[in-house]
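First up is the structure itself, then whatever we jot down about it.
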Amino acid sequence: MTNAIKTTAGTRLSKARVRASFERAAPTYDSAAAIQRAICDELLAALPATLPAATARVLDAGCGTGYALPLLQARYPAAQLIALDLSGAMLGRVATPCCRIGGDLEHLPLADASVDLYWSSLTVQWCDLPRVLAEAARVLRPGGHLALATLGPATFHELRDAFAGVDAYRHTLGFHTADEVECMTATAGFVTVNRKNGPKIENQPDLKSLLRAVKATGANQVGDGQRTGLMSRTAFQRAEAAYEGRRTPAGLPLTYDVVTLLARKTAA
């Protein structure tokens, strides 16, 4: 396992820090993950009807606390479910009977051509995507399917804008565009079946609550250029004032720029 992950725009994330974030978030994740669950539900609904119910083996790559697993089990009752996550604390909260594996999406501990459906919802954005897709292609059988939900570059743009006038530190991670995700998927040996890209909005009563909600899901790693010390009260108040300009009747909005992609591995 390498010590760092290269994401879009050259951002590097320490795998140890990513794991630690999700280890800490495991007890709070489910209570804060309404958007994540909605995205997971939509990815499941988008699975092609041509994918047979007799699918033999399904991998949930980056399973978190296991929300998708009972949904996949209901859809494919004959399948063996494999739950894989970098965080042991997340895996420890999985309740659905399955094979649990602590592992890295960039180096899957699975045999070649051993999986029928590779499923991953809101995990690959923390990884080197070309490497993840190459591993997905390796473990999928010819004709196997990829179901992917990730985040696009407009994700958390409100946070980015609010802090832009406060300091020069990085406050959000960069993400690949939908076109880049599809291009990388094709390079890895997949044919796209369906692709969608659109926003989902979460609302919070104030900036402190919004930041706590992000941290509660483990999504607070931003890689190179992040602040290492505490922000002053004055700086935070300036960011608060900037964010307040976006307030709606529902509260302070936070955008998730969702990219979903369904693809089939080529037979070659």
Side-chain angles (χ1 to χ4, degrees), residues 1-2 5 15 18-19 22-23 25-26 29-30 33 36-37 39-48 50-150 185 188-190 193 217-218 260-266:
M1 180 185 295
T2 58
I5 309 162
K15 287 191 180 183
V18 170
R19 181 191 289 111
F22 287 102
E23 293 278 301
Y29 184 87
D30 287 333
Q36 288 79 359
R37 289 180 172 184
I39 292 167
C40 187
D41 291 342
E42 290 184 5
L43 183 61
L44 185 80
L47 286 176
T50 53
L51 196 56
T55 294
R57 188 170 291 155
V58 174
L59 169 65
D60 185 350
C63 64
T65 58
Y67 175 75
L69 290 164
L71 306 178
L72 291 166
Q73 185 178 58
R75 180 78 177 259
Y76 307 109
Q80 177 190 9
L81 298 178
I82 302 172
L84 183 141
D85 203 275
L86 191 64
S87 165
M90 288 285 190
L91 277 173
R93 292 181 172 267
V94 171
T96 304
C98 61
C99 174
R100 296 178 182 82
I101 300 176
D104 180 355
L105 272 65
E106 297 174 29
H107 305 278
L108 292 173
L110 299 172
D112 294 357
S114 60
V115 172
D116 296 290
L117 171 63
Y118 180 108
W119 164 283
S120 187
S121 185
L122 297 190
T123 299
V124 302
Q125 66 271 12
W126 310 115
C127 304
D128 179 347
L129 185 54
R131 180 62 188 167
V132 167
L133 292 169
E135 277 291 271
R138 180 183 67 80
V139 302
L140 275 168
R141 295 190 176 103
H145 283 75
L146 173 77
L148 198 66
T150 186
T185 303
F190 292 93
V193 174
T217 63
T260 59
L261 189 139
L262 303 174
R264 186 183 72 255
K265 181 182 174 182
T266 57

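Quick caveat: nothing in here was measured; it's all calculated off a predicted structure.
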Mind checking the [atom1]-[atom2] spacing from [X] to [Y]? Nearest 0.5 Å is all I need.
X	Y	atom1	atom2	result
L262	L43	CG	CG	6.0 Å
L148	W119	CG	CH2	10.5 Å
K15	L86	NZ	CG	7.5 Å
Y118	H145	OH	NE2	16.0 Å
L117	L146	CG	CG	8.5 Å
I39	L44	CD1	CG	14.0 Å

side-chain hydrogen bond (donor to acceptor under 3.5 Å, both in side chains) partners for [X], two or more places apart:
X	value
S87	E23
Q73	none
T150	Q125

Under 3.5 Å, side chain of R264 to main-chain N/O of V193, donor-acceptor pair present? no
For G189, is there any backbone N or O sitting under 3.5 Å from a side-chain donor or acceptor partner on T266? yes
So, for [X] and [Y], which heavy atoms are closest and what is the spacing to 0.1 Å?
X	Y	result
V58	A79	CG2-CB, 3.9 Å
A263	T185	CB-CG2, 4.0 Å
L84	G103	CD2-O, 3.5 Å

Does [X] have any side chain to side chain contact (heavy atoms under 4.5 Å, CB included) partners at least two apart in sequence or in another chain, and if so, which?
X	value
E42	K200
T123	L105, S120
A25	T28, M90

Identify each donor-acceptor pair in which a side-chain atom of residues 59-67 lies under 3.5 Å from a protein atom, sequence neighbours left out, and give them as a table.
| from | atom 1 | to | atom 2 | distance (Å) |
| --- | --- | --- | --- | --- |
| T65 | OG1 | D30 | OD1 | 2.7 |
| Y67 | OH | D41 | OD1 | 2.8 |
| Y67 | OH | D41 | OD2 | 3.2 |

Within-4.5 Å side-chain heavy-atom neighbours: L47 and Y76: yes
Test item: Q36 and Y29 side chains (from C-beta on) under 4.5 Å apart, heavy atoms: yes
Without placing hydrogens or testing angles, list every side-chain donor-acceptor pair under 3.5 Å for residues 129-143, not counting sequence neighbours.
| from | atom 1 | to | atom 2 | distance (Å) |
| --- | --- | --- | --- | --- |
| R131 | NE | E106 | O | 2.8 |
| R131 | NH2 | E106 | O | 3.4 |
| E135 | OE1 | L108 | N | 2.7 |
| E135 | OE1 | R138 | NH2 | 3.0 |
| E135 | OE2 | R138 | NE | 2.8 |
| R138 | NH1 | L110 | O | 2.8 |
| R138 | NH1 | D112 | OD1 | 2.7 |
| R138 | NH2 | L108 | O | 3.0 |
| R138 | NH2 | L110 | O | 3.2 |
| R141 | NE | A113 | O | 3.4 |
| R141 | NH1 | D116 | OD1 | 3.0 |
| R141 | NH1 | D116 | OD2 | 2.8 |

